[in-house]
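Written below as structure tokens is the structure these notes are about.
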Amino acid sequence: MSIYFDFNVGPTGRRFRRAVDSDKYDVQLFWKREHTEPLFGVVDVAELIELSTLSICMINENKEVTGFMALCDHPNVAAVDPADWELWLRNMFQSVMLTDVADFFVDEAFVSVFNNDDYLNYIVMIVPTNCPEDKYLRYPVFKKRSIFKYSAKVDSDNDNTQFLLTAMRQEFCPKLRIRRAVEEDNDDIVEILDKKCPRLKELYGDYYISEIIGRHPDMNRKLIVAEAQDQAVGVMCLNSVINYQKLQSIYELEPYHGLIKATPFEKEQKKRENILLNVFGEPIMRGKFGPFDRLSKLERKSFNEAPSKEKVDQTPKMSSKVNFGHSIGERHSMEQLRNKTFSVDLSENYTTSPTQSQTTNYSVIDLLEGDTFDYDIINIDKKLLTVPDVNSFEQLTNDMTYWKRTRLSVMKTRRKSRNSLFKLREIEDSEATTICGEPNAFMIELFGLRDDIHERHAFDFLEAAFEVMNIYDYCLIRMPCADKTLSLLQHFNYVPTKPYICCKYALFIAHRSSVMSKLRVREVELADIPQIAQLLHNVDGKETLWTIENDLTRDKHNKAYVLLSGFTIIGVGILESPEQIDYIRAKYNIDSFHVHKYHVRGQGVSSGFTSLKTVFVYPVFRAHYRFFARDIMRLSGTTALLWLTAYRNKWVSHKANNIASAMIPLIPRKSEIDCTSLPEFKEIINLSKNIMTFSTWFIGKKLTSVPSAYVNTRIVVVGASSTAMAFLNTLLFSDSISYLVFTNVTLISPQGLPYVKHSKYPTESMFSKFRYNSDKFLKSVPYTYYLNIVYGTVVEIDRHAKRVTLANGSKYYYDMLFLTFGKQYQHPNYLHELLEWDEQFKAGKVLYTRLDVPKLREEIKFVTNDVPDNVFIVNSIMDANKALGYVKDFFWQNYDYKIIVYGASIHAYCCLATLLEMNVPPENIVFVEPFPPEDSKKSRVPVFYNVYIDQTIREVLSDLNVTVYRSYYFKSWTVDQSNVTHVEFLSHFKQIRLECSAFFYYGKRGINTQAFIAINKSGIGYDGGILINHKFKTKDPSVYAAGPATRYYRKYYADTRRQKYYDSYEVGQKLGELIRNQLDPLFSAKKYNSKGSSESVLASKSVSFDTSSIETNGSSKTSSGSHNSKTSKEYNDNEEEKLPLLTKPIVVHCQLPGKLQYLDVRSPGVKNPHYYVQSLQYNGYVMETFKDGYFKLHLTNDHIVDGITCLSADKFSLENFKNLYGLSAAALNNVHLRYTAKKLDNFYEFFRSPWAFFLYLDQTDELLAMVKELYPKGQSKGMTLQEGLHCVEEHSNPSFRNNNKMIIRSTFKKSPHIEAITDYVMEWVADNDVLLPMYLQPSLKATYTHDLSRHPAFKKKKTNIAKLFSKML
């Protein structure tokens, strides 16, 4: 989440940021409990940081924590239930302060807190009984400011009673004085606006404000200004003249009734058409439903006329709830219970999801119904919710004729759209809407604040704008998509454009009630049913209402809450008991957003979690979604909310959640622990096998105080390669998801997302196994909720108009275009025309054309190469499904068939393994391997550059009787009708002609032909790859490229560092981080300078362990100075010209013929032959074992793992072993010593032992990095362990370096660092208890100590390091 919420530096150089869990160590250093315990009681700082609504730290210019404050949404009085505190004190907060520093801390902190939340009006501190007066008066703010004191109303005359100290917003953040502008304000206003938009002054002169006010006093444009010291310090221009037809034709304004006021006739008509109100609401309004009546005894009206019994029996049994298996039989569906008392036609109860995403524009995935996987369930469309009666404001309803189409008409429309070529219409060509009536909106045309005025005063302008334009209920802002967001937009709701419409302006809407009314949350009551029926009028809310009534009168299994604006219900939420929290923690990255140990108090609801079942809120109140979630948590006694939804479910209203846009989508963990070897994971294994893939959303209490920031930039990503998915994951699902909302991201790919709805069992084995590209991972990430998915191939890039054209004629406009398509296997005649022309040019058959003498030359025409029906070029999971389906048809035929697999890549071997897995007879498979490559300029490194692996695979293929031809190259095929009957191959000495029933071709690789033509025609540089610079930019600053299809400009001299030699996923992550930081309005790049770095190092003069006995080349002062000079040099280098640093290894994990699992992990860069690497001098150490398969570890001279090779026939996963790369042999339990001492002969058994499981967690890298950055225990200054080791390593005598290492090792055990590291590791183990049950948890430390000396299991002594050394020598 965004850690800074107040960027203004105070008068003493201090600033405030959100507290994180690691701040607890700094707070402990200056916290004096004798000052705080009488006032706040005994508290845990870490728990406050995790469970408080808002916790902040004050930091000084050295970024040291000097103050801490935590704010909660309920009092810290033990006798007061957080759910009932409103009866005792309404609309107030509790503050807990732990500080012993500057006098101005509390004052500045209150200002920052009020600036952070525009809707916060009070901060309350509860002073307990008998608290000494000096404990709270020690804070000067309570003396200098007008702090109101409220004493408890008691009959006793005792003065030492409990009382409240209340700080009001007006005292700390007074509102600006806002008035109508006059002509005398012209100079001040023009000066303010000129800094924001100089173009205005150029167009209209120096007195355009005076002319607006003086010459046109009767116009609908109104100017308001904020005044301070007799000067205008801010201005806002409002205009009520709006082209409603234009807006209605571009944007989805049906939920807002087209910004038009509804007539009394429309209101009455809507009320009469509300079937839910007639069935559920009228009995209550007429008094027929008493508080003690049972629902089962009520005589209900039918929603329609009584249907026949046949229709009732046809009720679909569908559910969108993720069932974990237990208690399924105890659950009763609404249909089963309802059918006992009355008959209802539910044939239309379940409908497909609307296609409009909550946070994005229209997705064309709807045009291909059923063709791919999507998350249709995840949101209630904005069109389905109208704006309610709120207080005394005009009722706003929407015309529901659009949403009352029958299912048949919807399907006809979809089919018509699918069969026709659709285009993004220009705005001028769009059709006008029919909604008309009295206007109900005004627009903000201009807005500006003086630089010294805090941006939070924009909210003062918004309130004043609604007061000035008091006859309108909507306020609009329309701004360019490419511009950075404004803080004012926190109070607005984003409105997407209509399908097929492209607009370079983003529209935001705010409603009067959202800005000015008072909101509150409470439990639902029986009398709320009529209003909830009105809320759910436009959705299929029968079961939701039934659930609420049932819980009120009978079951009590669920809890329901309503969100009110005044006395009007504007939202409803239903909670249910959570299930399998440990399983969710084990599978998803929930620990990245919360610390679980502070939430756990038991099981079920007592675990601190609860699950959302249904949430409906009017979309115009989106700014308050997180407030609704926070109060639901307070009233229910929980600290976190979860929402789970199974994939590919049809949309059902009673399981929907339209506040998901305010929640955090969780993604699966980076590594999936191999749970088969430990009994502790038995339950997780069973759940993984029995439940379908599902997505999870999460929000904790501390995240509800984080405001949102919109990014409206039109981002278009071309290609769904590994690079593209990594880019999207980093851009959309990183830590910034807690506050950053991308509203306009589009993915264009011929087959959409790289997965299918129903994947066949052997299909995934056709490709190299990769965690991020696996079927389960991709289906667990809700891409379609945050992305527009477009199916198509780019054939044209218009850089001037900033748009791409697809093969079907569709046009998509962009502000930033990302070309992330990789290289795929292509037709044998790939770019044949271009290569033929190039050969003719080299032979002199094509004359050179001078540029100064234009001459018309016929353009090269590329022929589309369609493949025969039985030729398969497999590049995606969809291609594999099609190919394997074709092969399966052979099993039902009696003739002898031959399947030819051609290629010299790992995918060809995967294809062989898949065919054998499908029980294709090995005698029917022919494998042709074109190695070494026919082109002598290409690298001649084999697929398996390990001698043992290559020899084993050859023997397996021979034993299976698979026919193998090596060093043969494809020449041609013979086609009979639409199938290939024979294929010819040619070697250097022989030509063969083979019969063919199916041909798998893994030959030439390159980018898509149409994309290649589009790139070259657009003028984007291409030289064996798309030319890019170090920031992934092409020749066009709006076009980026990344992945194997790119190449750096020649000025970098980086041919050996091309991105095709590195991990594609890491490349996408680097690009995602770059673009996210560039678009994040709260991000500021780090600026290093020699002075700053020097001061930072000089401030740490002492090493935390004894270095007096270490040989160095100079004194400690010289050592520090040398270290400084290097650091300064590093920071002073031209960072702008450095290529991205890519360090992740190249990983190949797949299944090979013979059911062998293969894993190869090597260093990034150009691939070198195995025998060449092994022959290099000083190349490190090789360790190999052959039990349970082949396992090789390669260590550098510094004993760092830089190569792993595994080949095993066992069924356990090898993927976790890739995490060993880059680790020290010492971190691997001294594997090099054990191997050298001949105490280790099975790496598989060694690295699958319980001790090694911590190596495979996502947080292991963080653990190993943090232990090097820890200060000695109890200190906030000094050298970290890494700085001390760096100092010794850089300035020690090389001849004594090994001796120094031994001295450091021995003295480290006595240093204060060891205690800090021990405490941190123990806490880390406790935080990951669900995945590390085999480790000793801190809570069980006392029991373990007791058993250590008594239990017989601990009596056996283990070999220590000293014995290993003695045996080795």
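Basis for what follows: all heavy atoms, side chains included, without hydrogens, waters or symmetry-related copies.
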Nearest 0.5 Å, please: how far is [atom2] in [Y] from [atom1] in [X]?
X: Leu563; Y: Leu535; atom1: CG; atom2: CG; value: 10.0 Å
X: Gln751; Y: Ser876; atom1: CD; atom2: OG; value: 3.5 Å
X: Asn657; Y: Trp643; atom1: CG; atom2: CH2; value: 5.0 Å
X: Ile715; Y: Thr713; atom1: CD1; atom2: OG1; value: 6.0 Å
X: Lys587; Y: Ile667; atom1: NZ; atom2: CD1; value: 14.5 Å
X: Ile574; Y: Ile632; atom1: CD1; atom2: CD1; value: 10.0 Å

For residues [X] and [Y], determine if any side-chain heavy atom of one lies less than 4.5 Å from a side-chain heavy atom of the other.
X: Leu728; Y: Val717; result: yes
X: Val741; Y: Thr485; result: no
X: Asn558; Y: Leu575; result: no
X: Leu778; Y: Leu753; result: no
X: Ile699; Y: Tyr625; result: no
X: Lys1144; Y: Gln1069; result: yes
X: Asp1327; Y: Val595; result: yes
X: Leu732; Y: Leu787; result: yes

Given Asn773 and Tyr1065, is the side-chain hydrogen bond (donor to acceptor under 3.5 Å, both in side chains) satisfied, shown in steps? CA-CA 10 Å; Asn773 288 348; Tyr1065 198 88; over 6 Å; no
Taking [X] for its side chain and [Y] for its backbone only, find out whether a donor-acceptor pair lies under 3.5 Å.
X: Thr610; Y: Pro578; answer: no
X: Ser695; Y: Ser780; answer: yes
X: Thr820; Y: Thr723; answer: no
X: Asp1258; Y: Arg669; answer: no
X: Tyr785; Y: Ser661; answer: yes

Which heavy atom of [X] sits nearest a heavy atom of [Y], and at what distance?
X: Val1067; Y: Ala1042; value: CG1-CB, 3.9 Å
X: Leu703; Y: Arg626; value: O-NH1, 3.1 Å
X: Val706; Y: Ser738; value: CG1-O, 3.8 Å
X: Phe628; Y: Tyr561; value: CZ-O, 4.1 Å
X: Met725; Y: Ala720; value: CG-O, 4.1 Å
X: Thr730; Y: Gly1072; value: CG2-C, 3.8 Å

[X] and [Y]: side-chain donor and acceptor closer than 3.5 Å?
X: Ser592; Y: Asp735; answer: no
X: Ser734; Y: Arg1076; answer: yes
X: Tyr494; Y: Asn712; answer: no
X: Tyr739; Y: Asp1080; answer: yes

Verify whether the ring centers belonging to Phe621 and Phe627 lie closer than 6.0 Å. no
Could [X] and [Y] be called an ion pair, given the rule that one side-chain N must be under 4.0 Å from one carboxylate O?
X: Lys1218; Y: Glu1215; answer: yes
X: Arg585; Y: Asp1329; answer: yes
X: Glu254; Y: Lys498; answer: yes
X: Arg634; Y: Asp631; answer: yes

Applying ring-ring contact (aromatic ring centres under 6.0 Å, His included), can you list everything that pairs with His594, at least two apart in sequence or on another chain? His596, His599, Phe609, Phe698
Contacts of Phe733 meeting ring-ring contact (aromatic ring centres under 6.0 Å, His included) (sequence neighbours excluded), chain-then-number -> Tyr783, Tyr786
Does Thr1260 form a side chain to side chain contact (heavy atoms under 4.5 Å, CB included) with Asn1219? I'd like the steps, not just the answer. CA-CA 9 Å; Thr1260 301; Asn1219 295 318; over 6 Å; no
What residue among Lys701, Lys597, Lys702 forms side chain to side chain donor-acceptor pair (under 3.5 Å) with Glu50?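 The option that passes is Lys702.
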Can you check side chain to side chain contact (heavy atoms under 4.5 Å, CB included) on Phe818 and Val745, steps first, answer last? CA-CA 11 Å; Phe818 297 89; Val745 183; over 6 Å; no
Show the numbers, then the answer: is there a side chain to side chain contact (heavy atoms under 4.5 Å, CB included) between Leu635 and Lys559? CA-CA 10 Å; Leu635 294 174; Lys559 292 183 179 180; over 6 Å; no
All side chain to side chain contact (heavy atoms under 4.5 Å, CB included) counterparts of Thr763, not counting sequence neighbours: Ser759, Lys760, Ile877, Ala880, Asn881, Leu884
Pair Tyr814-Thr746, side chain to side chain contact (heavy atoms under 4.5 Å, CB included): steps then yes or no: CA-CA 9 Å; Tyr814 65 85; Thr746 302; over 6 Å; no
Given Tyr772, which partner from the list Tyr755, Phe727, Phe777 fulfils the ring pair (Phe, Tyr, Trp, His ring centres under 6.0 Å) test? Phe777
